[in-house]
Amino acid sequence: MDIISSKNVINIIRKTLNLIDDRLIHHGERVSYILNKMLLYENKYTEKQILSYTVTALLHDIGAYKNEELDKMIQFETDDVWRHSIYGYLFLKYLSPLADMADIVLYHHLDYFILSELNCPHEVIAGYLNLADRIDICLMHSKNVDFDRLFLEYGQVKFSKEVIDTFKKADKELHILSNIRNNTYLEELNRIFEKIIFTPKEKEEFLKMLIYSIDFRSEYTVMHTITTVSIADEIGKIMRLGEYDRNILHYGALLHDIGKITTPVPILEAPRKLTPEEMKIMKNHVWMSEYILKDYINKDILEIAIRHHEKLDGSGYHRKLTGKDLNVSQRILAVADIISALCGKRSYKDTFHKETVLNIISKDSAAGKICPEIVKCAVRYFDEIMDNVYRDTYEPLNIYTDMKIKYNDLYKKLYSLN
Ligand SMILES: [Fe+2]
Ligand SMILES: [Fe+2]
Ligand SMILES: [Fe+2]
């Protein structure tokens, strides 16, 4: 069943990336546009290769979710660009269908004269990406940059002569800079991404990568989404939902907290009860999930995703719906989300034991907040549900631990290079 189109997977990624920081709006898109045009001009690569490189360029700053180094990143001369480059590399390598493109992201800020010594498998593309990225950073600062002067100054140091030449010729023929300046590049980029065809597995992998990159920002949310998906999948199975309903529940669960990209990490990590003002910011993630997903995903999935904090008695958010508005899949996700939060470690609490979890959800059910049948099912099959969680989180948890080790190793190794 085709639950989401390839184009809309890309659209969700684009929209989410644009929410990282106001200063980076459309940055990934412009960089991928510049790279795409350079490759097109060169006429050396297949269409499939060009599309893969273009998507890689779109994702090049995905590691910037993880840390607060944006100030540095958007200056031309930066002293530490490694953190987001390494995170981005690790996300691509371990969590995306673009694993063999990951070195492009790792080296996208490395000066040409060092890069050329490193035996990077995609040296040329990494060099193109570096130039495309810096061109856009310059355009973000001023619309009237003297690129010729800049290229003269940095030729053979930051960028190779060949890369600069390719850009100049491509710009002359394909009007890259003027299309960016007058914003027509966005339309063109839409048409480029329309050609992409992902397999169903690739679609899920890209969406998962996006969700991990959001959850991995904090130790306290690392496994939240994947645990929620696992619990929802298992309850859906036990309650014998049909294939379509189980499928949309799965995707609704996967995407439910995507709006948390806009929740500041200090709020996710506050070691105490949130103030009313902070709570408001926290609750806003549901609006943001709706904002990101609404044009790109089937309405059934959207409604599952954005109703996960609604309560049967109308005391939830964000629309204060009541039981009559909430179908079984939406009710399952609400329960799965609570169990996942209770079983996970949070800044303000440790993981809860089985009895405590069951106690809390039973009380919520008795108070008319969450669905009694679903709670009954969760209580009865709790061990099976948790076995499934253990199976589903085993690999991602290992990847996360591995990524942390690899991050430190790579950082030590690479920091001295630039
Ligand atoms: Fe970057
Ligand atoms: Fe960038
Ligand atoms: Fe949520």
Side-chain angles (χ1 to χ4, degrees), residues 17-18 20-21 23-35 56-67 69-89 91-92 104-110 126 128-141 158 211 214-215 220-221 224-225 227-229 232 252-263 267-268 274 279 281-290 292-293 304-311 316-318 330 333-342 344 346 414 418:
L17 289 171
N18 281 334
I20 305 180
D21 187 288
R23 293 164 297 178
L24 278 186
I25 292 178
H26 299 310
H27 170 64
E29 291 166 311
R30 285 187 300 259
V31 170
S32 68
Y33 176 77
I34 297 170
L35 184 92
T56 305
L58 177 72
L59 296 169
H60 79 279
D61 277 335
I62 194 164
Y65 288 179
K66 178 69 190 169
N67 53 67
E69 61 168 16
L70 289 164
D71 289 336
K72 289 181 188 165
M73 238 173 63
I74 58 172
Q75 292 160 12
F76 194 85
E77 300 282 357
T78 52
D79 53 353
D80 187 2
V81 290
W82 286 113
R83 294 175 193 279
H84 82 280
S85 305
I86 297 173
Y87 279 124
Y89 163 80
F91 280 126
L92 248 67
I104 299 172
V105 169
L106 182 62
Y107 297 121
H108 79 272
H109 286 290
L110 194 60
Y128 284 8
L129 182 58
N130 190 6
L131 182 77
D133 181 73
R134 291 300 103 180
I135 287 173
D136 190 52
I137 297 294
C138 287
L139 287 172
M140 278 157 67
H141 288 293
K158 274 193 179 314
I211 300 303
I214 299 170
D215 281 1
Y220 300 110
T221 53
H224 172 67
T225 302
T227 305
T228 310
V229 171
L254 181 65
L255 297 168
H256 78 284
D257 270 346
I258 195 167
K260 278 207 181 141
I261 182 65
T262 59
T263 312
I267 291 191
L268 295 176
L274 296 179
M279 200 60 200
I281 297 172
M282 182 71 172
K283 287 182 171 179
N284 196 42
H285 78 273
V286 186
W287 283 113
M288 295 319 292
S289 293
E290 180 167 358
I292 294 168
L293 300 171
I304 293 170
I306 64 172
R307 293 180 176 186
H308 69 278
H309 288 295
E310 302 288 0
K311 306 282 184 214
Y317 61 92
H318 59 303
Q330 294 159 12
L333 181 58
V335 174
D337 184 56
I338 295 172
I339 299 176
S340 169
L342 293 172
R346 290 288 183 279
L414 296 170
N418 236 5

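Counting convention: from 1, in listed order, for ligands and their atoms alike. Counting from 1, the numbers follow the sequence of the chain as shown.
Taking the Fe ion (ligand 1) as the corner point, the angle from His109 atom NE2 to His108 atom NE2 is about 80° (rounded to 10 degrees).
With a cut-off of 2.8 Å, the Fe ion (ligand 1) has no N, O or S atom of Asp133 in range.
The atom of Asp61 that is an N, O or S and sits closest to the Fe ion (ligand 1) is OD1. Per residue His84, closest N, O or S atom to the Fe ion (ligand 1): atom name NE2.
The NE2 atom of His256 lies 14.0 Å from the CD atom of Gln330; values are rounded to the nearest 0.5 Å. Going from atom CG of Leu333 over to atom NE2 of His309 covers 9.0 Å, rounded to the nearest 0.5 Å. Separating the CD1 atom in Ile281 from the CG atom in Leu268 is a distance of 11.0 Å, to the nearest 0.5 Å. Atoms CG and CD1, from Leu255 and Ile304 in turn, are 10.5 Å apart once rounded to the nearest 0.5 Å.
Legend: protein N/O/S atoms lying under 2.8 Å from the Fe ion (ligand 3), waters omitted, number 4.
Only one option out of Asp257, Thr262, Thr263 pairs with His285 in a side-chain hydrogen bond (donor to acceptor under 3.5 Å, both in side chains); it is Asp257.
For Asp337, there are no salt bridge (charged side-chain N to carboxylate O under 4.0 Å, His left out) partners, not counting sequence neighbours. Residues satisfying the side-chain hydrogen bond (donor to acceptor under 3.5 Å, both in side chains) test with Ser340, not counting sequence neighbours, are His224, Thr228. By the side-chain contact (heavy atoms from CB on, under 4.5 Å) test, Asp136 pairs with His27, Arg30, Val31, Leu139, Met140, sequence neighbours left out.
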